[in-house]
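Since the structure comes first, as structure tokens, the remarks are kept for the end.
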Amino acid sequence: MKKFFLLVFLLFSGFSHLQAQEQGDSRVHLFGQYGLRMEEPGIGAGWEYFFASNFAFMPSYTQLFPRIGRAGNFSADLRYYLSREKSQVYVITGYSLSSENSQPDGAGIRRNASGANVGVGAVIPLTAWVGLTTEFKFQSQGIQQTYFRFGLSFPLGN
């Protein structure tokens, strides 16, 4: 357990200040996700890169936990930050690819569906090296579900 805490400390000690919104800045996101229509939980991670001031590209992968089978989602989102204050509010548009397998250990049905993402979110700094992220995102593919994400963001040094 001590090794784990030491590893976490060393990992976070290399992060820069949370106010990442300038060209070339980036952040790592770790989050939990909950589907509001089908009540599917999930966990995921993403990497956000600011390619211009207030504009970021964020690819992410979420492992979903449906009642039956396995499912996952890959999203590539464009974010535009509306504010740079304490609460960094943004809007999202992007592409999403979902895959599911109803029987992963047998001859189940594997389905892929792609579509668009739209949503809104915020990053709220907690300390200089961690921020709280919240997000509502609608995905148009498959069952057309709205997701709520809640997680942490960690800025990376340039």
Side-chain angles (χ1 to χ4, degrees), residues 4 7-8 11-12 14-15 18 20-21 23-83 87-126 129-157:
F4 173 74
L7 179 64
V8 170
L11 179 66
F12 293 141
F15 292 148
L18 186 64
Q21 285 188 338
Q23 184 175 354
D25 291 345
S26 64
R27 300 189 252 218
V28 172
H29 293 261
L30 304 174
F31 54 84
Q33 175 174 292
Y34 188 75
L36 300 178
R37 184 172 176 199
M38 297 298 288
E39 300 179 359
E40 288 179 338
I43 58 171
W47 174 64
E48 180 179 26
Y49 176 73
F50 288 85
F51 61 90
S53 185
N54 291 354
F55 283 95
F57 174 70
M58 183 173 157
S60 64
Y61 179 78
T62 306
Q63 181 65 49
L64 302 171
F65 301 102
R67 291 185 179 105
I68 299 171
R70 290 189 188 146
N73 177 270
F74 171 77
S75 292
D77 297 328
L78 176 66
R79 293 178 168 191
Y80 175 71
Y81 280 82
L82 302 170
S83 68
S87 179
Q88 302 167 10
V89 178
Y90 58 88
V91 292
I92 305 165
T93 186
Y95 169 79
S96 185
L97 175 65
S98 294
S99 64
E100 66 178 302
N101 190 342
S102 61
Q103 295 179 345
D105 297 329
I109 298 173
R110 183 169 178 88
R111 291 185 288 196
N112 293 324
S114 62
N117 296 330
V118 292
V120 63
V123 177
I124 302 164
L126 298 175
W129 55 270
V130 66
L132 177 68
T133 61
T134 59
E135 184 175 289
F136 281 99
K137 180 167 38 172
F138 174 77
Q139 294 182 334
S140 68
Q141 78 274 13
I143 60 170
Q144 300 178 351
Q145 180 164 215
T146 300
Y147 290 95
F148 173 67
R149 285 184 172 178
F150 185 83
L152 300 173
S153 66
F154 306 97
L156 300 173

Query raised in the report: Centres of the Tyr61 and Phe74 rings: under 6.0 Å?
Result: no
At what distance, to the nearest 0.5 angstrom, does [atom1] of [X] lie from [atom2] of [Y]?
{"X": "Leu82", "Y": "Gln88", "atom1": "CG", "atom2": "CD", "result": "11.5 Å"}
{"X": "Ser114", "Y": "Leu97", "atom1": "OG", "atom2": "CG", "result": "6.0 Å"}
{"X": "Phe154", "Y": "Glu48", "atom1": "CZ", "atom2": "CD", "result": "13.5 Å"}
{"X": "Ser87", "Y": "Ile124", "atom1": "OG", "atom2": "CD1", "result": "4.5 Å"}
{"X": "Lys137", "Y": "Ile92", "atom1": "NZ", "atom2": "CD1", "result": "5.5 Å"}
{"X": "Asn101", "Y": "Ile68", "atom1": "CG", "atom2": "CD1", "result": "12.0 Å"}

Looking at every heavy atom in both [X] and [Y], which two are closest together, and how far apart are they?
{"X": "Thr133", "Y": "Val123", "answer": "CG2-CG2, 3.8 Å"}
{"X": "Ser98", "Y": "Asn73", "answer": "OG-ND2, 2.8 Å"}
{"X": "Asn117", "Y": "Ser96", "answer": "OD1-CB, 3.2 Å"}

Requested in this report: May I ask you to check whether over 12 heavy atoms, not counting those of Phe150, lie within 6.0 Å of atom CZ?
Outcome: no
When you compare the side chain of [Y] with that of [X], does any pair of heavy atoms fall below 4.5 Å?
{"X": "Ser75", "Y": "Gln139", "result": "yes"}
{"X": "Thr62", "Y": "Arg149", "result": "yes"}
{"X": "Phe50", "Y": "Arg79", "result": "no"}

Taking [X] for the side chain and [Y] for the main chain, is one N or O donor matched with an acceptor at less than 3.5 Å?
{"X": "Gln63", "Y": "Ala71", "answer": "yes"}
{"X": "Ser83", "Y": "Val89", "answer": "yes"}
{"X": "Ser140", "Y": "Ala116", "answer": "yes"}

Query raised in the report: Between Tyr80 and Phe55, how do the two ring planes meet: parallel, tilted or perpendicular, split at 30° and 60°?
Result: tilted
Query raised in the report: side-chain hydrogen bond (donor to acceptor under 3.5 Å, both in side chains) between Asp77 and Ser60: does it pass, once the steps are laid out?
Result: CA-CA 8 Å; Asp77 297 328; Ser60 64; 5.0 Å; no
Report task. Let me see the working for Tyr147 and Gln145 under side-chain hydrogen bond (donor to acceptor under 3.5 Å, both in side chains), right down to the final yes or no. Result -> CA-CA 6 Å; Tyr147 290 95; Gln145 180 164 215; 3.1 Å; yes
Query raised in the report: Can you list every ring pair (Phe, Tyr, Trp, His ring centres under 6.0 Å) pair that touches residues 30-49, not counting sequence neighbours?
Result: Trp47-Tyr49
Query raised in the report: Can you list every salt bridge (charged side-chain N to carboxylate O under 4.0 Å, His left out) pair that touches residues 55-68, not counting sequence neighbours?
Result: Glu39-Arg67
